[in-house]
Structures are given as C-alpha cells and as structure tokens.
Amino acid sequence: MATDNPVESLQEEATCPICLEYFKDPVIIDCGHNFCRACIAQCWEGSNTDVSCPQCRETVQQGNLRPNRRLANVVEIAKRLSLQAAKGAGEERVCGEHQETLKLFCEEDQTSVCVVCHLSRDHRDHRVVPIKEAAQEYKEKLQGALGPLRKELEEVLALTSKEEKKTTEWQSKVKNKREMIAGEFNKLHSLLREEEQLLLQSLEEEERETLQRLRENVTKLSQQSSCLHQLITEIEEKCQQPVVELLNDVKSTLSRSENVKLQEPEAVSTDLKNVYKISLDMREALQRFVVDVTLDPDTANPKLVLSEDRKRVRHGDKRQDLPDNPERFDRYAIVLGAEGFAGGRRYWEVEVGDKIGWDLGVCRESVRRKGKFTHKNYWRLILKDREYSACTSPSTPLPVSIRPSRVGIFLDYEAGEVSFYNVTDRSHLFTFTGTFSGTLRPYFCPGVNAGGTNVAPLIICPVPVQAGGNLGPCH
C-alpha cells in the first residue's frame, strides 16, 4: 500500500513480498516481479515443472532467475534512509548490524534485536518476546516502582521538616538560656565576668555541636530527598521514552529503585545539659547584700511552731491556742519575716535539708491573712511531690539535677526581681520580674508533716560576720 511518506514508499519497494523483509540477493523472474533468491527458491522447491509467480500467479520458467543489481542498490539506499530517519526521530528502530527493524527483545541479554539477530548463534537459544510486549511489561514494572519511591520521598520530607523544627526549637532554647545567663551576670558582672564567659563558651560549644549534628541530619535527609527526586524523575522520563530507550538498562534502574532504603536520622537530644550553672561564687558575690531575717510570730499560723530565736519553723501536730490578731494567717501554714523591705537589695538563705515539701519566697505586706488567698502579690518557689516549680501563671516546672539542701533568695527591689539559687551546687533556679511597690516581706511555709516524712523545720541561715553593705531603705 502506497503511503504519503517517500521513505516508507521506498521501504515498501525494497521489501520482499514473501518474507516481508528487505530483499536479500534480489532476483527478477519472467513476469517482472522481484523476490529474495532464497525466498523464491524455497517457494518453488520440489517442483520440476513450470511454476507460477507467487505474486501475480503467471506461469514462468523455474530456472530463469536473473540477479537484480539495481534493486539491490535500492535496498541498501532504503536501509540507510530508514536508519537515518529513525535516528533523526530520536529512536534506534533499526539494527545497526543487519539494518533490520528491531522487533524483538532478548530477555537474557536485555537488548533489542532484529529477526536476523534472533536467528544468529548469539541469540538463537535465548528467550525473546515482541519488543512492544516487553516494553509494556517493563513500563508497568517501572510505574509500580514509583509508588514506594514516592512514599519514601514523603517520609524523607516529613523527617526533614521534623529535624528543621527541632533545629528551630533548639535555637530558641539556646536563645532563652543565653538571655537568662546574660541577665544573671548583668547583676553580678563586676565579680563574675570571667565565669560568664566560660559558661557562654560552654553553651556555645554545645549549641555548635548539637546544631552541627542536627544540620548534618537535615543535609543527609536532603541528599536522600535529592537522590529520590532524581531517581523518580529518571523513571518518569524513562516511562515516556520510546521502547528501545525505555528497555535500555531497565533492570539496573529497577534494581536501584528496589534497593532504596531510608536512612533514619541520627537521634540528637535537644535537651540542654544541665551544666549552665552560675557559679556566683554565690556567697562571696552576694554576702554584702545579706540581711538578718527573723520570723514574725504575730503572722504565724497556729499550727506552726517557731524556735525561741525565731530562726526555725516547723508544722506542729495540733493547732495552738494563739490570739487571732489581724496579722495572723488563719487558714494556711504561713509565717512572714519580721523585716519588711521597701527598696534596695536583700539576700538571705534558708536551710531546707531533706524536706519533701516547702514553699519559700517574698510577698507584699498587704496580702490577705484571713481565709483563702490568691497567688497574686506572691513570688514563691515550691517543692511538692518531689517536683520543683515557680508559682507563675501557669506554674513553671524547674529541672533540678542536684536537690538543694539550702536555697538562696535575692531581692532587687528597684530592678523588680526576686531570684532563687541552689546554694548546694551554686546554680540559678528562677527569677521573677515585675514592678514592686509598697513593703515586701520574706515568706515561709514548711509544708505539712505528711505522716512524719516532712517534720524537719525550715531554718534561716545565720548572717556571716562580714555581711552587710548598701542595703537601701528598710521598713
């Protein structure tokens, strides 16, 4: 059938009507039709009389076969044009060795072959299938590999997002911790500048090391993401390729897709090491602000027992018969310090020992003493159920690695700060910030006895002989 394509028309003219392949050693018979010498010989084999043309059925002489050299030349031209056209179209549809159309695919050698290649010694015993059938089969396999790869990519992207979020949260923690350290050292910079630099350096080293590990995780995950993107793109492009190129090295592509394994990121803790302790040296740094605090018996709840020197307080077994004066707390086991502070800086320490519950801090002198009270106008640190917390709203849990047997309280009235320190390991526990007005009083609550497990008293530590200084006004 004639076509509008000159190259295809030429190919038809160069094709044997018996084998439907390019002429091989073309011969012309009496009627003028052309055939491969081997094809016509096989067609007439076994006949001793005159034979007919396979194409037009005209009777011809069997032995009158004349070589058609011009047609042989045309065949060669048709083969070259066909190869050139195929290459120009981006396909290798013609066997480079035999100039035959690649119609088969050898499963063993994973290559496209022509009919002549299939009959050759190299492929004769191999399993071959039609090239389109093979292409469809491998295309389905490639498309099947895309699903798991895309799932792997989603997991990598999710992990990347998670690691990036951890990095941001980690940097925020470091920022908050840095601000806390800087704030503490601003109060004590004259004595603690060297200590501040050492702590910030230690924090910076931990930040750098942890961020490096986190970023390495992100980098590795990004590399996996890039490789998966590349492999997915390669497979998607391969699925769109012509059959020959699609089948080229297709098993290697599938093998790489099947061998993709998600590398989980290294587990990196983003909890700060609890080593950023402000080594004041606390006593030496704050001694000049120490004030001699004593307990005010007129404020003590009737269940509290005070020592004669008014330096110790514990929870008693029964309610004492005491005057119900206006200053006394009647519902909660609270006692205030006798000294009131309306300005300046004050520091005192309280021995808490091994008690399992206590409540310490500062409050306004004007707080309500009778009945239930609110947490407003109190700045307190609490130990309850073996957990430490600052009485903010909501409360702030405090991680404590070494339990304090002694707690230091520093009031800076003008700065609006009440700071708590673990004297045992010389670390900062918490700082309240605000604006003060009126008179403030030290606040003590030894906690309930808890069946005899919390009977020990709170003890106000004695003032060193060398203590004292510019303490500011005192009420």
Side-chain angles (χ1 to χ4, degrees), residues 289-352 355 357-384 390-391 393 407-414 416-418 420 432 434-449 454-463 471-475:
F289 303 119
V290 169
V291 62
D292 187 13
V293 173
T294 56
L295 301 172
D296 181 358
D298 290 338
T299 65
N301 179 279
K303 286 189 176 181
L304 295 182
V305 179
L306 277 59
S307 63
E308 290 186 8
D309 62 0
R310 297 188 294 171
K311 291 287 188 179
R312 297 168 178 248
V313 58
R314 63 179 177 83
H315 197 281
D317 295 327
K318 61 183 180 178
R319 189 179 184 90
Q320 303 173 77
D321 185 14
L322 298 174
D324 188 19
N325 50 286
E327 302 91 344
R328 191 178 308 282
F329 289 88
D330 66 349
R331 181 168 182 173
Y332 300 100
I334 296 171
V335 60
L336 301 183
E339 296 72 27
F341 310 126
R345 297 172 178 174
R346 300 291 189 279
Y347 177 72
W348 63 96
E349 295 178 354
V350 181
E351 190 77 33
V352 297
K355 289 178 66 62
W358 46 258
D359 189 351
L360 296 172
V362 174
C363 69
R364 295 190 193 275
E365 187 175 47
S366 59
V367 296
R368 183 177 179 179
R369 313 294 176 92
K370 307 300 182 183
K372 190 174 182 178
F373 69 89
T374 65
H375 294 292
K376 188 177 180 181
N377 298 323
Y378 289 83
W379 297 270
R380 303 150 52 211
L381 200 70
I382 294 177
L383 170 61
K384 183 178 181 181
C391 285
S393 182
V407 176
I409 303 169
F410 179 57
L411 166 65
D412 189 336
Y413 193 101
E414 282 70 28
E417 294 183 347
V418 180
F420 294 82
F432 291 92
T435 302
F436 299 143
S437 61
T439 301
L440 305 182
R441 300 274 290 273
Y443 164 99
F444 305 87
C445 177
V448 297
N449 284 346
N454 195 42
V455 295
L458 293 176
I459 304 172
I460 301 173
C461 299
V463 176
L471 302 179
C474 178
H475 176 68

Can you find a pair of side-chain heavy atoms, one from Cys363 and one from Asn377, that are under 4.5 Å apart?
no

Value for CD1 (Ile334) from CG (Asn301), rounded to nearest 0.5 Å, stands at 8.0 Å

Run the side chain to side chain contact (heavy atoms under 4.5 Å, CB included) test against Asp309 and tell me which residues pass, sequence neighbours left out.
Ser307, Lys311

Spacing of OG1 belonging to Thr435 relative to OH belonging to Tyr413, to within rounding of 0.5 Å:
10.0 Å

Tell me, yes or no, whether the heavy-atom count around Lys384 atom NZ, taken from other residues, nucleotides or ligands under 6.0 Å, exceeds 12.
no

Within the side chain of Arg364, is there an N or O that forms a donor-acceptor pair under 3.5 Å with the backbone of Arg441?
no

On a heavy-atom basis, the closest approach of Asn454 and Val448 is ND2-O, 3.0 Å

Within the structure provided, determine whether Pro446 and Leu304 are in side-chain contact (heavy-atom separation under 4.5 Å).
yes

Are Phe289 and Trp348 an aromatic pair, judged by ring center distance below 6.0 Å?
no

Does some side-chain heavy atom of Glu349 sit less than 4.5 Å from a side-chain heavy atom of Phe410?
no

Using atom types as modelled and distance alone, determine if a side-chain donor or acceptor of Asp330 lies under 3.5 Å from a backbone N or O of Asp324.
no

Minimum heavy-atom distance Gly371-Tyr332, with the two atoms named:
O-CE1, 3.5 Å

Please verify the inter-ring angle class for Phe420 with Phe432; under 30° counts as parallel, over 60° as perpendicular, anything in between as tilted.
perpendicular

Any side-chain heavy-atom pair from Leu458 and Lys355 closer than 4.5 angstrom?
yes

What are the two closest non-hydrogen atoms of Pro442 and Glu339, and how far apart are they?
CD-O, 3.2 Å

On a heavy-atom basis, which atom in Ala300 and which in Val335 lie closest, and how many Å separate them?
CB-CG2, 3.7 Å

With sequence neighbours excluded, residues passing salt bridge (charged side-chain N to carboxylate O under 4.0 Å, His left out) with Asp321:
none

Min side-chain heavy-atom separation Asp359-Phe444 under 4.5 Å
no

Check: Asp298 side chain, Glu327 main-chain N or O, donor-acceptor pair, under 3.5 Å
no

Does any part of the side chain of Val418, heavy atoms only, come nearer than 4.5 Å to the side chain of Ile409, both counted from C-beta?
yes

Verify side-chain contact (heavy atoms from CB on, under 4.5 Å) between Val463 and Val291, making sure each step is shown before the conclusion.
CA-CA 7 Å; Val463 176; Val291 62; over 6 Å; no

Taking the side chain as every heavy atom from C-beta outward, state whether Val362 and Tyr378 have any atom pair closer than 4.5 Å.
no

Between Gly340 and Thr439, what is the shortest heavy-atom contact and its length?
CA-CG2, 3.5 Å

Is there a donor-acceptor pair closer than 3.5 Å between any side-chain N or O of Glu414 and the backbone N or O of Gly343?
no

Looking at residues at least two apart in the chain, or sitting in another chain, which of them share a salt bridge (charged side-chain N to carboxylate O under 4.0 Å, His left out) with Arg328?
none

How long is the straight-line distance from CZ of Arg312 back to CD of Glu308, given to the nearest 0.5 Å?
12.0 Å

Between Arg331 and Phe329 (side chain of the first, backbone of the second, donor and acceptor by atom type, cut-off under 3.5 Å), is there such a pair?
no

Kindly give the heavy-atom pair with the smallest separation between Ala333 and Cys445, and that separation in Å.
O-SG, 3.2 Å

When rounded to the nearest 0.5 angstrom, what is the spacing between NE2 in His315 and NZ in Lys303?
5.5 Å

Would you check, one step at a time, whether the test side-chain contact (heavy atoms from CB on, under 4.5 Å) holds for Ile460 with Thr294?
CA-CA 7 Å; Ile460 301 173; Thr294 56; 5.7 Å; no

Is a side-chain donor or acceptor of Gln320 paired with a backbone partner of Pro302 at a separation under 3.5 angstrom?
yes

Given side chains that start at C-beta, do those of Thr299 and Tyr443 come closer than 4.5 Å, heavy atoms only?
no

